[in-house]
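Step one of this worksheet: look at the structure below.
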Protein chains: 2
Amino acid sequence: MVRPRSFDEDAVLEGAMGLFWRRGYDGATLEALDRATGLNRGSLYNAFGDKRGLFLASLRRYVRLEIDPAVNAVRTAPNALAALAVLFPPGTTVDRRGCLICKAAAEIAPMDPEVAEIAREAYRPLREALSEAFAASQTQRHPEHLAALVVAAYQGTKIMANAGESAEKIAKVAAGASAVVTN
Amino acid sequence: MVRPRSFDEDAVLEGAMGLFWRRGYDGATLEALDRATGLNRGSLYNAFGDKRGLFLASLRRYVRLEIDPAVNAVRTAPNALAALAVLFPPGTTVDRRGCLICKAAAEIAPMDPEVAEIAREAYRPLREALSEAFAASQTQRHPEHLAALVVAAYQGTKIMANAGESAEKIAKVAAGASAVVTN
DNA sequence: AGAGTTATTGACCGCGTAATCAATAACTGC
DNA sequence: GCAGTTATTGATTACGCGGTCAATAACTCT
């Protein structure tokens, strides 16, 4: 009775998300989004409403693919140090794209309540999981506060990455977090 | 021999900086910049070259007015806790504008090396001052790492502010930092 | 097979944008 | 006060942008 869609929605979002991540919201033009998704303008609008709709869908996909797995890894980490290693994996290179959610928070959230809510909700589970990991390892007196500190620092390193800060500088943040937990 | 400028450059930058801070780079249109600065288009271009030039000048003014004073306050703080209170003043409301430098880092730095450098340099003195404050209070084993952690967390709270996070949530980050220093 | 519904295509549009420029004004040094 | 230099004005421009739309294609159900 209807013509089915000829594209894989997740593949389309993969392309859109990648472009928003690299170029930001304003920097991602519809022409570039056409190319990145392989879809043409009209199909994009038919499927997602408008540019903002595509952006919101990309944000949700980012949370699902980039943040939720980290939350699960923290939940199953054997101890606090291992949980930290999820957020600050040792010996990795710096991804200058930073974090799509942090970029959206800075660029769009002040003018778009829905984006703001997505940004707030994105990191809450991570704080909670980290708080439980800290509480479980018994050595910390204020697990909730320390979790808030570490997650904020994690977001900070994503901004530093956008500014092109070196891996050494970012590793110092990780070292600071480890020192705190090792106390 | 020449016609002098009829405007106060710092007052003009005050207006431009405020608009960039509230609306971001792309969100600040030249028409709005005209209004915010009181200058008309041509004068703005004569004085600053182009929109990007005005933005760079605004960033530098922000560092001078918003970050440098904090660095000095940290330098003269009597102890580590007092230094922390400079970054996280107790009982203040959340300024949803966040930090202009962090916004610029997220939005512009990936595409503009000069903005990236300004962003990197802006927070370096703060890290150094904080590191010395921690070292001076003797109680911390890794002052440089802890300073990196705290400054990253500070930047994180600015992103949280952009996302509309509550004062309570942000206070937890501050509490976490204090707990670390009090160890 | 035909009717009905939705997806796709790609040309098209209006608008807001950053930037320009010729004309004019304001000031200084001689 | 005149020549020379720079600042100001504001109308104008070219263009890239997000968004639209009529025509066509693809599919399902009866």
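The sequence lines fix the lettering, A, B, ..., with proteins before strands; numbering per chain opens at 1.
Checked by atom type and distance alone, the side chain of Ser131(A) never pairs as donor or acceptor with a backbone atom of Arg127(A) at under 3.5 Å. Judged by distance alone, with hydrogens and angles left aside, the side-chain atoms of Arg120(A) form a donor-acceptor pair with the main-chain N or O of Ala163(B) at under 3.5 Å. With Trp21(A) contributing its side chain and Lys103(A) its backbone, the two residues share no donor-acceptor pair below 3.5 Å.
Sorted by residue number, the members of residues 12-40 of chain B with any non-hydrogen atom under 4.0 Å from DNA chain C read Ala28(B), Thr29(B), Leu30(B). Scanning residues 44-58 of chain A for heavy-atom distances under 4.0 Å to DNA chain C yields Asn46(A).
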Could you go step by step and tell me if His142(B) and Lys172(A) meet the side-chain contact (heavy atoms from CB on, under 4.5 Å) rule? CA-CA 10 Å; His142(B) 306 287; Lys172(A) 284 181 184 170; over 6 Å; no

Please set out all donor-acceptor pairs under 3.5 angstrom arising from side-chain atoms of residues 38-45 of chain B, sequence neighbours excluded.
from     : atom 1 : to       : atom 2 : distance (Å)
Asn40(B) : OD1    : Gly42(B) : N      : 3.0
Asn40(B) : OD1    : Ser43(B) : N      : 3.4
Arg41(B) : NE     : Asp34(B) : OD2    : 2.9
Arg41(B) : NH2    : Asp34(B) : OD2    : 3.3

Considering only distance and modelled atom types, tabulate donor-acceptor pairs under 3.5 Å from the side chains of residues 46-58 of chain A, sequence neighbours left out.
from     : atom 1 : to        : atom 2 : distance (Å)
Asp50(A) : OD1    : Arg52(A)  : N      : 3.4
Asp50(A) : OD1    : Gly53(A)  : N      : 2.9
Lys51(A) : NZ     : Tyr25(A)  : O      : 2.9
Lys51(A) : NZ     : Ala28(A)  : O      : 2.9
Arg52(A) : NE     : Asp112(A) : OD2    : 2.5
Arg52(A) : NH2    : Asp112(A) : OD1    : 3.2
Arg52(A) : NH2    : Asp112(A) : OD2    : 3.4
Arg52(A) : NH2    : Glu114(A) : OE1    : 3.0
Ser58(A) : OG     : Leu54(A)  : O      : 2.8

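By the salt bridge (Lys or Arg N to Asp or Glu O under 4.0 Å) test, Glu121(A) is found to be paired with Arg124(A), residues two or more places apart in sequence or in another chain being considered.
Side-chain contact between Val181(A) and Val150(A) is absent, with no heavy atoms from C-beta onward closer than 4.5 Å. For the pair Cys99(A)/Tyr154(A), no side-chain contact is recorded, criterion being any heavy-atom separation below 4.5 Å from C-beta on.
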Every protein N/O lying under 3.5 Å from an N/O of nucleotides 12-14 of chain C:
none

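The side chain to side chain contact (heavy atoms under 4.5 Å, CB included) with Arg22(B) is formed by just one residue from the set Arg97(B), Arg96(B), Met17(B); it is Arg97(B).
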